[in-house]
Amino acid sequence: MIDARRAEVVGRIGAALGPEAQLHLVGGALRDLLLGRSGGDWDLATALDPREVMARAKAAHLRSLPTGLQHGTVTILVEGEPYEVTSFRGDGPYLDGRRPIEVRLGVSLEEDLARRDFTINAMALPLPVDLDALAQSVVDPAGGLADLQERRVRHVRPTVFVHDPVRLLRALRIAGGLGFGLDAETEALIRHGAPLLANAAMERVRDELFQLFAQPNPAARVQRLDDLGLLTVILPEVAPLKGLQQNPNHHLDVWEHTLEVLRRLDALEHGEGLAEDLVQPVRHALAHTTCAPRTRGALLRLAALLHDVAKPQTCALSPQ
């Protein structure tokens, strides 16, 4: 569904930048638009240099901020709402064959799309939007439209996880959020590349992990992380829980018990077992943001996952 107000605002930005800007809607907003979902921020891509974007925005009396000039990004504010406008980018030289040292500006749209993570994020829609030929207007060099149809997350190129290991988690977060599956080759690459996650910035790993925890059925998310070899890279303390038996008051080992706690917590968040007058207060309390963008509910899920991690070091056998 098209957000009419945003479409109008983007039209104003496009008029300010001129036809040579080759302004396109890109990324997750376009993916959600094609799925008929209301998306988040609208990210725009342009052939213009970022300083030229700022100059043209100023001439049109639009406020702009140099939020990432070195990466080609300018933020244009319209009625207080931000719209990121990023120059078409290509990867610069790679450090040890892994992450690019820098980005290159002044490349083609196709080269910009080729550096993205997953095919369903590697599409672009020329602006203004042609509602009568939406899908036919999409620039789709990697086959993202077909993957949307097949409901799968597929990598753009085999090196996407090497260049940015956080994409290992992002693949699961996107798939979980959309109810998609992973392409078989992409899943194999994630299993093989799991150790790379140890080289990623931990604050980025944390943010992706909390977004996964915010999705329904946290126990299934944790099991999927474990199945792909990602969980023990992020939280090695969890691995010793498997197979660790408990006293007769427990019918599950510590790992299965932890997963069951997550399931019960999820049920509680949906009001199961609560008196009717407590359902809304509990939901409200758990939805409260404690440290943006993390909620009490997400932090409680993390606490549930870690609540028994000290047992392997402190358990002891005693005569019955």
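Excluded from the calculations below are hydrogen atoms, water molecules and symmetry mates; all remaining heavy atoms, backbone and side chain alike, are included. For reference, positions follow the sequence shown, starting with 1.
- For Arg37 (side chain) and Asp32 (main-chain N/O), no donor-acceptor pair under 3.5 Å exists by modelled atom type.
- Summarising the geometry of Arg191 relative to Pro195, their closest heavy-atom pair is O-CD, 4.5 Å, with the distance given to 0.1 Å.
- Between Val74 and the options Thr46, Leu65, Leu69, a side chain to side chain contact (heavy atoms under 4.5 Å, CB included) holds for only Leu69.
- Taking both residues in full, the closest heavy atoms of Val160 and Asp117 are given as CG1-O, 3.6 Å, listed atom of the first, atom of the second, then distance.
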Full working for side chain to side chain contact (heavy atoms under 4.5 Å, CB included) between Asp253 and Leu241: CA-CA 8 Å; Asp253 69 24; Leu241 304 183; over 6 Å; no
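- The backbone N or O of Leu265 sits nowhere less than 3.5 Å from a side-chain atom of Arg301 that would complete a donor-acceptor pair.
- Residues Leu48 and Trp42 share a hydrophobic cluster, clusters being chains of Ile/Leu/Val/Met/Phe/Trp/Tyr side chains in contact below 4.5 Å.
- Remark: the backbone N or O of His284 is not paired with any side-chain donor or acceptor of Arg296 at under 3.5 angstrom.
- Residues Val205 and Ala200 come closest through the heavy atom pair CG2-CB, 3.9 Å.
- At a threshold of 4.5 Å between non-hydrogen side-chain atoms, the residues Arg56 and Glu20 count as touching.
- Judged purely by atom type and a 3.5 angstrom limit, Ser108 uses its side chain to pair as donor or acceptor with the backbone of Glu111.
- Put simply, the side chain of Leu33 reaches to within 4.5 Å of the side chain of Leu125, judged on heavy atoms.
- At a threshold of 4.5 Å between side-chain heavy atoms, the hydrophobic network of Ile, Leu, Val, Met, Phe, Trp and Tyr places Leu274 and Val261 in two separate groups.
- With a 4.5 Å cut-off on side-chain heavy atoms, His307 and His257 count as touching.
- The backbone N or O of Val153 sits nowhere less than 3.5 Å from a side-chain atom of Asp183 that would complete a donor-acceptor pair.
- Each of Val10 and Val26 belongs to its own hydrophobic cluster when Ile, Leu, Val, Met, Phe, Trp and Tyr are linked at side-chain heavy-atom distances under 4.5 angstrom.
- Atom CG of Leu30 and atom CG of Asp43 lie 11.0 Å apart (nearest 0.5 Å).
- Put simply, CD1 on Ile174 and CZ on Phe118 are 5.5 Å apart, with the number rounded to the nearest 0.5 Å.
- Taking the side chain as every heavy atom from C-beta outward, Val53 and Ile76 approach each other to under 4.5 Å.
- The same ILVMFWY cluster, assembled from side-chain heavy atoms under 4.5 Å apart, contains both Leu231 and Leu168.
- Dense packing is recorded around CD of Gln313, with more than 12 heavy atoms of other residues, nucleotides or ligands lying under 6.0 Å away.
- In this structure, CD in Glu256 is found 7.0 Å from CD in Gln223, a value given to the nearest 0.5 Å.
- Listed for the Arg221 side chain is a donor-acceptor partner under 3.5 Å among the backbone atoms of Pro216.
- The main-chain N or O of Gly27 is never found under 3.5 Å from a side-chain atom of Arg116 such that the two would form a donor-acceptor pair.
- Rounded to the nearest 0.5 Å, atoms CZ (Arg31) and CG (Leu148) are 8.5 Å apart.
- Closest non-hydrogen pair, Arg204 versus Val166, comes out as NH1-CG2, 3.5 Å.
- Across all their heavy atoms, Gly143 and Arg154 have their closest contact at O-NH2, 3.8 Å.
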Residue pair Leu172, Arg224: steps toward the side chain to side chain contact (heavy atoms under 4.5 Å, CB included) verdict: CA-CA 8 Å; Leu172 294 186; Arg224 189 67 166 137; 4.1 Å; yes
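- Taking hydrophobic clusters as Ile, Leu, Val, Met, Phe, Trp and Tyr residues chained together by side-chain heavy-atom distances below 4.5 Å, Leu77 does not share a cluster with Leu44.
- Distance alone, capped at 3.5 Å, places no donor-acceptor pair between the Asp308 side chain and the Val254 backbone.
- Here the CD1-CG distance, from Ile120 to Asp147, works out to 7.5 Å after rounding to the nearest 0.5 Å.
- Under a cut-off of 6.0 angstrom, the local environment of NZ in Lys242 is crowded, with over 12 non-hydrogen atoms contributed by other residues, nucleotides or ligands.
- For the pair Arg167 and Glu208, the salt-bridge criterion is not met [side-chain N within less than 4.0 Å of a carboxylate O].
- Using a 4.5 Å heavy-atom threshold, the side chains of Val238 and Trp255 count as touching.
- Using a 4.5 Å heavy-atom cutoff, the side chains of Leu169 and Leu225 are in contact.
- Taking 4.0 Å as the cut-off between side-chain N and carboxylate O, Glu260 and Arg263 count as a salt-bridged pair.
- Around the CZ atom of Arg206, the shell of radius 6.0 Å holds more than 12 heavy atoms that belong to other residues, nucleotides or ligands.
- Geometric assessment of Arg294 against the ring of Phe210 yields a positive cation-pi assignment under the 6.0 Å and 45° thresholds.
- At distances below 3.5 Å, not a single donor-acceptor pair connects side-chain atoms of Thr186 with backbone N or O atoms of Leu182.
- Summarising the geometry, atom OG1 belonging to Thr75 is positioned 9.5 Å from atom CE belonging to Met54; distances are rounded to the nearest 0.5 Å.
- When the shell of 6.0 Å around NE2 of His288 is examined, it contains more than 12 heavy atoms from other residues, nucleotides or ligands.
- Hydrophobic side-chain contacts under 4.5 Å tie Phe88 into a cluster, directly or through other members, with Val107, Leu109, Leu113, Val139.
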Full working for side chain to side chain contact (heavy atoms under 4.5 Å, CB included) between Cys315 and Leu244: CA-CA 9 Å; Cys315 69; Leu244 183 65; 4.1 Å; yes
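- Here the shortest heavy-atom pairing between Leu286 and Thr295 reads O-CB, 3.5 Å.
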